[in-house]
2 protein chains.
Amino acid sequence: MVDVAGLVEQAREGRPRAVARLISLVEGASPQLREVMAALAPLTGGAYVVGLTGSPGVGKSTSTSALVTAYRKAGKRVGVLAVDPSSPFSGGALLGDRVRMSEHASDPGVYIRSMATRGHLGGLAWAAPQAIRVLDAAGCEVILVETVGVGQSEVEIAAQADTSVVLLAPGMGDGIQAAKAGILEIGDVYVVNKADRDGADATARELNHMLGLGESREPGDWRPPIVKTVAARSEGIDEVIEALDKHRAWMEERGVLAARRGRRAAGEIENIALTALRSRIGDLRGDRRLDALAERVADGTLDPYAAADELIAGLTGDGGSGS
Amino acid sequence: MVDVAGLVEQAREGRPRAVARLISLVEGASPQLREVMAALAPLTGGAYVVGLTGSPGVGKSTSTSALVTAYRKAGKRVGVLAVDPSSPFSGGALLGDRVRMSEHASDPGVYIRSMATRGHLGGLAWAAPQAIRVLDAAGCEVILVETVGVGQSEVEIAAQADTSVVLLAPGMGDGIQAAKAGILEIGDVYVVNKADRDGADATARELNHMLGLGESREPGDWRPPIVKTVAARSEGIDEVIEALDKHRAWMEERGVLAARRGRRAAGEIENIALTALRSRIGDLRGDRRLDALAERVADGTLDPYAAADELIAGLTGDGGSGS
């Protein structure tokens, strides 16, 4: 058995191996998962979680790295979670092949983790929030969650952040892609990266138009800013951080941050509950109760809905003794 | 309220509008869904369900149509369920644009239904068996379930059949595609269609090799036959039906049919139970219990696993009074 309390203590001291170990425990659904979660809970809530999403090629990795550098200059501990739902490889590896990221690999104030475990238990929608929880409890003040694709699950993961940054680049037809992927609804801050290229102004204008930013809003509403950057040269990164700070302040003033975190927690609880119920049902495979019900459905003496009712009624109360 | 008993009666008389109405009730999760299901249950079990799967272009639609013609000649009532999980359009429409199929449109002994409702409630894994149930109860003696793609869900739907037919065509690199999609594991009968084209023998040989059909098997094991057809000219279709008859007889002799139907019913019950639990959880959005739990998770006084336990404990017993 792992010494969970000791591991959490070490993670809070900034030891990367302890953080890695905790994330593995959380990802792997270890028998000690609940013990880990219970130990982490009182230590969470201090991190500011920023989601970064955008099509491949817009420079998400470079932008994330530039943001890490800027936050490190300000003395903050930073966690990075790079999520690639389309990859069949499971998490844990450092993003060693990403040159921009590897410059932070030796910095003890930065913890970088990749995660790519589609279909694992409840999927990334389940695993990503747990990893964020570990980084949060470990004392990361800022957590950057970079999603690699622009599919529905990426958008969902990015939307779980306190602040969602949507990245675009000139001349990639991003506007239409963004609209398709639904990321125009989730951005709190928009970044047009590679702004030294032709078409950056056009992309920003198109974006401005699509977002309807010209339209009047309620006073006090958040108006998503569009920031131009050249992340490879760290240009505009301070402006991005300024926009993030403003958004955070705006959320705190209006109670939006607490509301978002409440919604995120509700989603998390739902996902865990569903995963648990799914696995309880899965455990019934080959179980006599399910077999008996199935036999009656197959021979027409019971309909499958009535059988499902009986199954559900038999499910609860079996989860564990006590609790 | 719909007169369910009357509708079932009419469906059994072969009235296509009654069948259509019942499938819509089943697909649409109408309040009378349970009443419909209970009415159908004792009437089911008579149909022989054949799944047809294969890559686009192998001639699934043409083959299905040729099979329908052959079964109709033998005086059997036939149901066709064409499932396209990749289509965003929801079911209900006749496949009017499929010339081969439309020749059966005016035949009262044939009922054709398309279904394409990914993400609807529990998805097609949930909806397809219910539609099969309606066709079965309506008196279809053979139900052909044609899946349009070769993804995981198509394979799962095809695998729910009593007998799974996997179609290939020469020169499409189908062998590798088939292996990737996992359809080499589900085929009870393999059909190399367009057998008048170059490469048909090579495809059959490659398939034979990939299936390991040359290897010795236990005596009495089912050896999936490979049948060559030219469905557009109805060549080889009688041989396909002969192979299906043999497979059915083999399954009945050995108790395999009952076992398969039991497994299918078990999967159906599981899916319905999961869908019901998911929707009960979904109903809790905005509910005070979930909000209160989420608040405690967000402020760190409760971990999400413990919260999920409380949520699950609160879920059951609320499904409805009496039951």
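Side chains are part of it too, since the values below use all heavy atoms of this structure and drop only hydrogens, waters and symmetry mates. Per chain, numbering begins at 1; letters A, B, ... match sequence-line order.
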By a 4.5 Å heavy-atom criterion (distance strictly below it), what part of B/Leu302 contacts chain A: side chain, backbone, both, or neither? backbone

Segment of B/Thr44 engaging chain A (4.5 angstrom heavy-atom cut-off):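 B/Thr44 touches chain A through side-chain heavy atoms alone.
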
Residue list, side chain to side chain contact (heavy atoms under 4.5 Å, CB included) with A/Leu274, at least two apart or on another chain: B/Arg278, B/Ile281

Output the option from [options] having the highest count of non-hydrogen pairs under 4.5 Å with chain B.
| options | value |
| --- | --- |
| A/Met37, A/Arg261, A/Arg263 | A/Met37 |
| A/Leu293, A/Val297, A/Thr301 | A/Val297 |
| A/Gly262, A/Ala258, A/Ala39, A/Ala273 | A/Ala273 |

Let's go through B/Ile269 and A/Arg296 carefully: what are the C-alpha distance in whole Å and the side-chain angles of both, what is the deciding distance for side-chain contact (heavy atoms from CB on, under 4.5 Å) to 0.1 Å, and is it a yes or a no? CA-CA 11 Å; B/Ile269 297 168; A/Arg296 289 167 63 201; over 6 Å; no

Which one, B/Ala276, B/Pro304, B/Gly45, B/Ala298, leads in non-hydrogen pairs under 4.5 Å with chain A? B/Pro304

By the salt bridge (charged side-chain N to carboxylate O under 4.0 Å, His left out) test, which pairs, at least two apart or in different chains, include something from residues 297-306 of chain A?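 Pairs touching residues 297-306 of chain A that pass the test: none.
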
For a quick test of reading the model, state the closest non-hydrogen atom pair linking [X] to [Y] and the distance between them.
| X | Y | result |
| --- | --- | --- |
| B/Tyr305 | A/Gln130 | CE1-OE1, 4.0 Å |
| A/Ala294 | B/Ala265 | O-CB, 3.4 Å |
| A/Leu311 | B/Glu270 | CD2-CA, 4.5 Å |

Does B/Glu295, at its CD atom, have more than 12 non-hydrogen atoms belonging to other residues, nucleotides or ligands within less than 6.0 Å?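 No.
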
Does any backbone or side-chain atom of A/Leu40 lie under 4.5 Å from a heavy atom of chain B? Answer side chain, backbone, both or neither.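 Neither part.
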
Less than 4.5 Å to any heavy atom of chain B: does that hold for the side chain of A/Arg133, its backbone, both, or neither?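 Side chain only.
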
